[in-house]
Amino acid sequence: VGMQGLGIAETAYQSAAAYAKDRLQGRSLTGPKNANGAADPIIVHPDVRRMLLIQKSFAEGARALAYWVGSLIDKAHHSDNAETREAADDLLQLLTPIVKAYFTDMGSESANLAVQTYGGHGFIREHGVEQLVRDARITQLYEGANGIQALDLVGRKLMMKGGKPAQRLLGEINGFIAANKADPKMAEFVEPLEKAIGRVQESVMYLMQNAMKNPDEAGAAASDLLRLMALTAMAYMWGRIAKAAHAGLQAGTDNDFFEAKLVTGRLFAKRVLPQTTAL
C-alpha cells in the first residue's frame, strides 16, 4: 500500500511537471523567458517550482527508501546467514508502518499539489489528476488506517526485543553520519541528518518515560513520531543519494543527472526536513 502511495505521487509529479512546462501564463519575475510568446510557461514561477520540487524530493527519496526496504525483505527471507536475516527483519518490522503511513500521506499531498499546479484545469476530469486525489485518499485508510500504523510503530515496533530494532536503525544512520562527517561536500546533508536523528532519540526517550505513567501520551504522540522518523529515514536516503551523486560527478559521467539529484536533495534538507523541529 505504501508503494501505491509512491506510485500516485510519481504520476502526480510527472503530470504536473509536464503541464507546467506547457501551460503559458504570466511572465517570469526576472523578465520574460519566452519573449516571442504571449506568456511564459508557468514552470518559471517560483511557487510552481516549489510545489514541483516538494513532489520530486518526496518521490525520489521515497523510491530509494522503498528499494532499501525491498532489499531488507530479500535478506530477511533468503539470506543464508541467520544473523543477517534477523537484522534485516528487525529493520523491516520497524520501517513497514513508516513506509505505509508516510508514503500514502505524501501520495495524497503530492496529488493535491498536482491539482494546484494545474489550477482550475486540475479540478475537472479532463486531465485526470483529480482522480489521483480520489485514488490516493483510500491508501491512507485501508490495510490499517495511518493512525493505526503510528500506534503499531509506537506501541509494538519500538518496544520489540527490548528496543533492538530501533537501535539497529539508529545505529545504521549514525554509522553513515560518522563515516561522512569529515567530508566537506557532504556537510549540507550530514549536519541536518545528525540534528534530525538527535530529535528522534530525544522524542523516543521522552515517550518511553511518559507513556509508562499515561498510555494516552503514546497515543497522542504516535502520528507525530512516525512522521519524524519518516522524514529522518528520508534524510538518510538523501544522504546516500548525495554520496553517490558526488561519486558520479567525480567520475565525470552524466553530470546533469547527478547535479539534479544534489539540487533536489538540498531542497529536501532545507525546506522539508526542518519539519522535524516542530514534530
Side-chain angles (χ1 to χ4, degrees), residues 1-10 58-59 61-77 85-110 135-173 193 196-197 199-208 210-211 215-238 268 272-273 275-276 278-279:
V1 176
M3 294 302 291
Q4 291 177 10
L6 174 54
I8 289 168
E10 179 68 36
F58 166 69
R63 204 154 57 238
L65 184 56
Y67 287 141
W68 183 38
V69 174
S71 74
L72 292 173
I73 294 171
D74 288 345
K75 288 175 184 176
H77 285 257
R85 288 198 304 274
E86 182 187 12
D89 189 62
D90 283 351
L91 287 169
L92 184 59
Q93 295 293 330
L94 189 68
L95 289 167
T96 295
I98 291 172
V99 165
K100 194 281 181 182
Y102 180 63
F103 281 22
T104 58
D105 280 348
M106 287 304 299
S108 185
E109 184 173 329
S110 294
D135 289 348
R137 198 62 187 84
I138 187 60
T139 64
Q140 297 168 281
L141 302 173
Y142 63 14
E143 293 298 327
N146 288 354
I148 299 297
Q149 299 294 332
L151 287 174
D152 175 52
L153 174 68
V154 169
R156 294 173 57 204
K157 303 301 173 60
L158 285 178
M159 310 302 175
M160 276 176 60
K161 300 182 179 180
K164 195 173 180 181
Q167 289 302 318
R168 285 194 196 276
L169 181 62
L170 293 172
E172 172 95 19
I173 296 174
L193 174 60
I197 198 71
R199 291 174 192 127
V200 171
Q201 291 169 304
E202 184 183 350
S203 300
V204 170
M205 286 299 296
Y206 176 87
L207 199 65
M208 286 180 171
N210 288 273
D216 281 343
E217 287 278 359
S223 288
D224 286 344
L225 184 63
L226 185 145
R227 177 61 68 99
L228 171 59
M229 292 182 70
L231 288 166
T232 304
M234 288 279 287
Y236 171 46
M237 291 297 106
W238 273 114
F268 184 87
V272 181
L273 187 60
Q275 293 170 24
T276 57
L279 292 164

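Since the structure is predicted, the reported quantities are computational estimates derived from the model, not experimental observations.
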### Task
For Y102, check ring pair (Phe, Tyr, Trp, His ring centres under 6.0 Å) against everything at least two apart and list the hits.
F58
### Message
Quick check for you: to the nearest 0.5 Å, what is the distance between M205 atom CE and N210 atom CG?
### Response
10.5 Å
### Query
salt bridge (charged side-chain N to carboxylate O under 4.0 Å, His left out) with K161: which residues, sequence neighbours excluded?
E86, D90
### Task
Would you indicate whether Q275, at its atom CD, is surrounded by more than 12 heavy atoms from other residues, nucleotides or ligands within a distance under 6.0 Å?
yes
### Task
Hey, could you give me the CG/CG distance between N146 and L151, rounded to the nearest 0.5 Å?
11.0 Å
### Query
Excluding sequence neighbours, so at least two apart, what forms side-chain contact (heavy atoms from CB on, under 4.5 Å) with D135?
I8, Q131
### Task
Output, in order, the C-alpha distance, side-chain angles, deciding distance and verdict of side-chain contact (heavy atoms from CB on, under 4.5 Å) for L225 and L279.
CA-CA 7 Å; L225 184 63; L279 292 164; over 6 Å; no
### Closest contact, heavy atoms only, L193 versus A235
CD1-CB, 3.8 Å
### Query
Sub-3.5 Å donor-acceptor pair from the side chain of K100 to the main-chain atoms of G144, do we have one?
yes
### Task
Let me see the working for L153 and Q149 under side-chain contact (heavy atoms from CB on, under 4.5 Å), right down to the final yes or no.
CA-CA 6 Å; L153 174 68; Q149 299 294 332; over 6 Å; no
## Note on the structure
Scanning both residues in full, the closest heavy-atom pair of M160 with P165 reads O-CD, 3.2 Å
### Approximate separation, where rounding is to 0.5 Å, of Q93 CD and R156 CZ
8.0 Å
#### Entry: Intermediate values then yes/no, side-chain contact (heavy atoms from CB on, under 4.5 Å), F268 and L231
CA-CA 9 Å; F268 184 87; L231 288 166; 4.0 Å; yes
## Note on the structure
Correct closest heavy-atom pair for T104 and G2 would be CG2-CA, 4.2 Å
## Note on the structure
In this structure, CZ of R199 is separated from CG of L228 (nearest 0.5 Å) by 8.5 Å
### Nearest heavy-atom neighbours spanning Q4 and T139
OE1-CG2, 3.6 Å
### Message
Using side-chain heavy atoms (C-beta onward) and a distance below 4.5 Å, is E109 in contact with D105?
### Response
no
### Task
Using a cut-off of 6.0 Å, state whether more than 12 heavy atoms not belonging to E143 lie near its atom CD.
no
### Pairs meeting criterion ring pair (Phe, Tyr, Trp, His ring centres under 6.0 Å) with involvement of residues 140-167, two or more places apart
none
### Query
Between atom OH of Y206 and atom CD of E202, what is the distance when rounded to the nearest 0.5 Å?
10.5 Å
### Task
Identify, with sequence neighbours excluded, every residue that meets salt bridge (charged side-chain N to carboxylate O under 4.0 Å, His left out) alongside R137.
none
### Message
If you count heavy atoms of other groups shown closer than 6.0 angstrom to CE of M208, is the number above 12?
### Response
yes
### Task
Step by step, work out the side-chain contact (heavy atoms from CB on, under 4.5 Å) result for F103 and L65.
CA-CA 10 Å; F103 281 22; L65 184 56; 3.9 Å; yes
### Task
Measure across A59 and E10 and return the closest heavy-atom pair with its distance rounded to 0.1 Å.
CB-OE1, 3.3 Å
### Summary
The side-chain contact (heavy atoms from CB on, under 4.5 Å) partners of L169 (sequence neighbours excluded) come to W68, L91, L94, L95, I173, M229
#### Entry: Verdict with reasoning, D89 to K75, per salt bridge (Lys or Arg N to Asp or Glu O under 4.0 Å)
CA-CA 8 Å; D89 189 62; K75 288 175 184 176; over 6 Å; no
### Query
Roughly how far, to the nearest 0.5 Å, is CD1 of I98 from NZ of K157?
9.5 Å
